[in-house]
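Take a look at the structure below.
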Number of protein chains: 2
Amino acid sequence: MPLNETSATPARRRRGAELEAALLDAALAELLASGYDDLTYEAVAERAQTSRAVLYRRWPTKRELALAAALQLLDSHPVPTPDTGSLRGDVLELLTVANGSRARLGLQLVAQLGSTGGVSLADLRRPVARRNEERMTAILGRAEDRGEIPTADVPRRARDVALDLWRHDVLLHRSAASPQQIEQIVDDVFLPLVGYRG
Amino acid sequence: MPLNETSATPARRRRGAELEAALLDAALAELLASGYDDLTYEAVAERAQTSRAVLYRRWPTKRELALAAALQLLDSHPVPTPDTGSLRGDVLELLTVANGSRARLGLQLVAQLGSTGGVSLADLRRPVARRNEERMTAILGRAEDRGEIPTADVPRRARDVALDLWRHDVLLHRSAASPQQIEQIVDDVFLPLVGYRG
DNA sequence: CTCATTAAGAGGCATTGTGTTCCTTATCGA
DNA sequence: TCGATAAGGAACACAATGCCTCTTAATGAG
């Protein structure tokens with residue numbers, strides 16, 4: 001018989017996806033509040049109203065725990081594909097939205113936490129990267145249809161250059177890119193490269 | 001009177017730059033051997049043959065300690081400015097050498113460790129970034145002299161695009177870039193952008 | 001519905017590393 | 001030569017780890 005204290009609540013227990021989501025939410029909150037260095041299993045467990053053992057069973061190391069939380073953040077905030085009617089508008093919009101999204105935070109965290117064991121950072125980002133490629137391909141296709149560029153058949157490296165440079169800036173500065181940075185990426189690099197006729 | 005054990009060595013004490021270099025060497029060795037998570041003041045102190053207090057006096061947090069070690073690595077391996085006689089050769093050489101240098105490791109570590117307190121990551125890289133800008137400017141100047149490009153007066157963003165994309169790849173993949181990656185950066189992005197007449 | 005299986009959540013425990021303080025004495029600069 | 005500085009050694013309480021056991025909700029198979 002359990003020692004019923006003041007209340008007689010039958011001690012509800014979460015399981016499966018519900019529990020896991022709560023754990024990662026707590027981990028993310030702690031991560032953002034305390035930073036990686038001061039992140040502790042104890043604080044996460046307390047915030048999630050559970051025991052450390054529950055966390056250890058799923059994520060044996062602090063790095064894996066933090067990474068799982070960051071990944072959840074990363075792909076729970078997908079960036080929509082813009083369609084503004086012009087190539088320049090589309091790319092500016094894409095970068096600006098990505099820049100303001102919570103996904104940016106996820107990117108920074110994932111990049112900081114890096115890879116664990118056999119899984120490389122590129123692997124972790126694979127799904128996101130694939131979506132981005134498709135987005136740019138779609139944007140370029142519409143631009144070709146409008147006659148803004150001679151061809152949408154652009155080398156991969158050139159096609160992705162805008163997002164790559166934006167990502168570079170975000171990772172290096174550890175903060176959002178400024179509107180000026182975004183404009184320069186688009187006007188000084190991306191548009192000239194795809195043969196945009198301004 | 002000190003309890004002289006078997007030896008009568010008068011307990012030599014290092015100071016200043018000599019000591020500091022030894023501390024950072026030990027920190028870097030531990031960092032590379034154990035990784036950031038398992039880096040401890042105790043292990044660094046032991047390796048450097050000193051006490052933890054000496055470390056704490058200089059770097060109050062593990063992050064600052066690791067960052068100092070990474071920064072030392074970063075700017076103790078400067079990349080020379082190439083002069084191969086052609087624009088393409090110069091840029092390929094620049095990226096390839098940077099890619100193989102120990103400085104790449106420093107870059108990865110610094111990016112992972114991020115900024116501490118008021119100092120931003122960009123600030124930490126400022127000296128290196130400046131050197132890189134000058135290098136690219138010099139390379140472009142020689143290319144203009146040779147008539148390989150119409151003008152060396154290129155927007156900053158375009159001028160730095162090769163190193164930025166290389167850095168992007170290194171930070172994202174957490175490993176050296178492949179020769180193919182480097183070639184694509186140069187041939188599909190950088191050279192077209194500066195108006196190279198191949 | 002019943003019962004065996006799974007795992008949540010609570011607690012305990014030895015161990016490690018932290019962060020700090022105190023002390024001595026080697027080293028350096030005036 | 002002497003006083004200020006700080007290296008290096010030691011000890012301390014404390015926080016968190018990593019691992020363990022135990023009870024008992026929750027679940028799914030029959």
Side-chain angles (χ1 to χ4, degrees), chain A residues 1-27 29-31 33-69 113 116-117, chain B residues 1-27 29-31 33-69 113 116-117:
Chain A
M1 182 198 349
L3 302 185
N4 279 1
E5 305 164 25
T6 47
S7 108
T9 7
R12 158 168 160 66
R13 286 184 194 171
R14 296 158 296 181
R15 280 207 171 198
E18 180 198 0
L19 174 61
E20 191 132 335
L23 298 180
L24 290 180
D25 280 353
E30 282 295 320
L31 183 56
S34 309
Y36 180 74
D37 284 348
D38 296 331
L39 180 69
T40 67
Y41 278 88
E42 269 194 330
V44 175
E46 190 183 11
R47 188 186 282 258
Q49 302 266 47
T50 184
S51 70
R52 280 178 296 134
V54 173
L55 294 169
Y56 276 113
R57 275 178 210 128
R58 291 175 169 74
W59 305 283
T61 69
K62 185 166 97 168
R63 173 147 259 142
E64 286 168 271
L65 172 58
L67 192 56
L113 298 171
T116 314
Chain B
M1 178 199 350
L3 302 184
N4 278 2
E5 303 163 26
T6 47
S7 108
T9 7
R12 160 168 157 66
R13 284 183 197 172
R14 296 158 296 182
R15 281 207 170 196
E18 180 196 0
L19 174 60
E20 192 135 332
L23 298 180
L24 290 180
D25 281 353
E30 282 295 320
L31 183 57
S34 309
Y36 180 73
D37 283 347
D38 295 331
L39 180 70
T40 67
Y41 278 87
E42 268 194 330
V44 174
E46 190 183 12
R47 188 185 282 256
Q49 301 265 48
T50 184
S51 71
R52 279 178 298 134
V54 173
L55 293 170
Y56 277 112
R57 276 178 210 127
R58 292 175 170 74
W59 305 283
T61 69
K62 186 166 98 169
R63 173 147 261 145
E64 287 169 89
L65 172 58
L67 193 55
L113 298 171
T116 314

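Each chain gets a letter, A, B and so on, in the order the sequences are listed, and its residues count up from 1.
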Quiz item: Using the C1' atoms of five pairs at each end, what's the angle between the two axes of the helix from dC1(C)-dG30(D) to dA30(C)-dT1(D), to 10 degrees?
Solution: 40°
Exercise. Using a cut-off of 6.0 Å, state whether more than 12 heavy atoms not belonging to Glu46(A) lie near its atom CD.
Key: no
Quiz prompt | Nearest-0.5 Å distance, CD of residue Glu30(B) to CZ of residue Arg47(B) | solution = 4.5 Å
To the nearest angstrom, how far is [X] atom [atom1] from [N] atom [atom2]?
X        : N       : atom1 : atom2 : answer
Arg13(A) : dA10(C) : CZ    : P     : 9 Å
Arg57(B) : dA6(D)  : CZ    : P     : 9 Å
Glu18(B) : dT27(C) : CD    : C1'   : 12 Å
Leu55(A) : dA7(C)  : CG    : P     : 16 Å
Tyr56(A) : dT21(D) : OH    : P     : 17 Å

Self-check item: Given DNA chain D, 5'-ward residue of the pair Glu42(A) and Ala53(B), judged by closest heavy atom
Solution: Ala53(B)
Quiz item: Between Leu39(A) and Val54(B), which is nearer to the 5' end of DNA chain D once each is assigned its nearest nucleotide?
Solution: Val54(B)
Practice problem: Scan Arg14(B) against the nucleic acid and name what it touches under 4.0 Å (heavy atoms): base, sugar-phosphate only, or nothing. | Solution: sugar-phosphate
Exercise. For Arg52(B) and Ala45(B), indicate whether the former's side chain and the latter's backbone hold a donor-acceptor pair under 3.5 Å.
Key: no
Quiz item: So, does Tyr41(B) use its side chain to make a donor-acceptor pair with the main chain of Ser51(B) at under 3.5 Å?
Solution: no
Practice problem: For the residue pair Val44(B) and Leu23(B), establish whether any side-chain heavy-atom pair is separated by less than 4.5 Å. | Solution: no
Practice problem: Please figure out whether Ala43(B) or Ala48(A) has its closest DNA chain C nucleotide nearer the 5' end. | Solution: Ala48(A)
Quiz item: If each of Asp38(A) and Gln49(A) is mapped to the nucleotide of DNA chain C with the nearest heavy atom, which maps nearer the 5' terminus, i.e. the 5' end?
Solution: Gln49(A)
For [N], does OP1 or OP2 lie under 4.0 Å from any side-chain N or O of [X]?
X        : N       : result
Arg52(A) : dA16(D) : no
Arg58(B) : dA7(D)  : yes
Thr50(A) : dG9(C)  : yes
Tyr41(B) : dT18(C) : no

Report all interatomic pairs (protein N or O, nucleotide N or O of nucleotides 4-6 of chain C) with separations under 3.5 Å.
residue : atom : partner  : partner atom : Å
dT6(C)  : O2   : Arg15(A) : NH2          : 2.6

Self-check item: Proximal nucleotide (of dT18(C), dG8(D), dG9(C)) relative to the Ser51(B) side chain
Solution: dG8(D)
